Amino acid sequence: LGTPPPPLRAASAAWCEATLAADAALATVERAAGRIGELVRAVKAYTHMDRGLGAAPVDVREGVETTLALLAHKLRDRGVALERAYAPALPAVPGFAGELNQVWTNLLDNAIDAAADGGGARRVRVRVGAADRHLVVDVEDDGAGIPEAVRERIWEPFFTTKPVGRGTGLGLDIARHVVVEQHGGALTVDSRPGRTVFTVRLPLDPRDVAP
């Protein structure tokens with residue numbers, strides 16, 4: 001058949017280039033659509049919009065994972081590595097999923113900030129397990145730690161160790177209210193330079209949860 005004339009070769013090359021560009025654009029759109037779908041599902045699960053308003057069995061691991069999906073951009077932007085450790089076959093806890101998601105958000109958001117600003121390896125660890133009739137969640141960071149002089153004040157409303165404009169001082173107050181008063185659990189902290197761990201303990205038996 002011979003070699004096509006230059007105009008035909010140029011047209012063929014342009015057509016191939018346009019086809020490849022269209023395929024790449026379509027793949028990008030599909031990935032973006034998939035990501036948007038994941039975020040929509042995460043937001044829906046996070047706000048608990050599609051369920052009743054009463055107490056119900058809560059899958060805490062699902063709530064933690066949903067929260068991590070919403071905070072993935074912050075982990076990435078602040079260069080913080082995430083480590084997970086989930087015990088197998090975790091039991092559900094009686095409670096309110098939407099309120100507990102606020103707890104995971106406040107603790108994880110604080111941990112990311114602490115890890116990013118603390119001069120360590122920039123690492124956050126999340127552990128979920130069960131012990132002594134409780135489900136236990138640990139959120140750990142390798143930041144600078146909470147100074148002992150203010151450690152008791154972190155639970156006070158509007159008290160924050162973050163720079164101006166970075167924190168409201170309400171996160172831990174809300175978290176303790178949800179854990180202690182709404183779910184009959186406990187929220188504690190153990191902190192030293194290079195390692196701070198907030199621990200949430202939620203009773204597994206509904207009879208141990210105050211109304």
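Sequential numbering from 1 along the given sequence is applied to the chain's residues. Just so it is clear, the model here is predicted, and its values are computed rather than measured.
- Side-chain contact between Val80 and Arg123 is absent, with no heavy atoms from C-beta onward closer than 4.5 Å.
- Looking at Arg153 and Glu156, a side-chain N of the basic residue comes within less than 4.0 Å of a carboxylate O on the acidic one, giving a salt bridge.
- Closest approach of Leu135 to Pro91, counting heavy atoms only: CD1-O, 3.3 Å.
- Minimum heavy-atom separation, Arg133 to Asp205: NH2-OD2, 3.5 Å.
- Asp142 places a side-chain N or O within donor-acceptor distance of the main-chain N or O of Arg122, the cut-off being under 3.5 Å.
- In this structure, CG on Leu68 lies 7.0 Å from CG on Leu75, to the nearest 0.5 angstrom.
- Contact detail for Val124 and Ala115: the closest heavy-atom pair is CG2-CB, 4.1 Å.
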Side-chain donor-acceptor pairs of residues 188-204 under 3.5 Å, sequence neighbours excluded:
residue: Ser191; atom: OG; partner: Ile146; partner atom: N; Å: 2.8
residue: Ser191; atom: OG; partner: Thr196; partner atom: OG1; Å: 2.7
residue: Thr199; atom: OG1; partner: Asp138; partner atom: OD1; Å: 2.6

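- In this structure, Val64 is not a member of the same hydrophobic cluster as Val136, with clusters built from ILVMFWY side-chain heavy atoms closer than 4.5 Å.
- With sequence neighbours left out, the side chain to side chain donor-acceptor pair (under 3.5 Å) criterion links Asp59 to no other residue.
- At most 12 heavy atoms of other shown residues, nucleotides or ligands fall within 6.0 angstrom of atom CD in Glu148.
- Using a cut-off of 4.0 Å between Lys/Arg side-chain N and Asp/Glu carboxylate O, Arg78 and Asp117 are scored as salt-bridged.
- Side-chain N or O atoms of Asp141 include one that pairs as donor or acceptor with a backbone N or O of Gly143 at under 3.5 Å.
- Looking at Asp173, its side chain never comes within 3.5 Å of a backbone N or O of Pro157 through a donor-acceptor pair.
- With Asp109 contributing its side chain and Thr105 its backbone, the two residues share no donor-acceptor pair below 3.5 Å.
- The distance from the CD atom of Gln182 to the CZ atom of Arg176 is 14.0 Å, given to the nearest 0.5 Å.
- Val60 has its side chain out of reach of Leu90: every pair of non-hydrogen atoms, C-beta onward, lies at least 4.5 Å apart.
- Closest of all the heavy-atom pairs between Gly129 and Ala87 is CA-CB, 3.9 Å.
- In this structure, CG on Asn106 lies 9.5 Å from OG1 on Thr67, to the nearest 0.5 angstrom.
- Considering CD1 of Ile112 and CG of Leu71, their distance stands at 4.5 Å, rounded to 0.5 Å.
- The pair Arg84-Glu65 counts as a salt bridge, with a side-chain nitrogen and a carboxylate oxygen less than 4.0 angstrom apart.
- Within the 3.5 Å criterion, the main-chain N or O of Ala175 finds no donor-acceptor partner in the side chain of His177.
- Here the closest heavy-atom approach between residue Leu107 and residue Leu187 is recorded as CD1-CD1, 4.3 Å.
- Distance alone, capped at 3.5 Å, is enough to place a donor-acceptor pair between the His183 side chain and the Phe96 backbone.
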Evaluate the side chain to side chain contact (heavy atoms under 4.5 Å, CB included) criterion for residues Tyr86 and Val126: first the C-alpha distance (whole Å), next the side-chain angles of each, then the deciding distance (0.1 Å), finally the verdict.
-> CA-CA 8 Å; Tyr86 300 151; Val126 183; 4.3 Å; yes

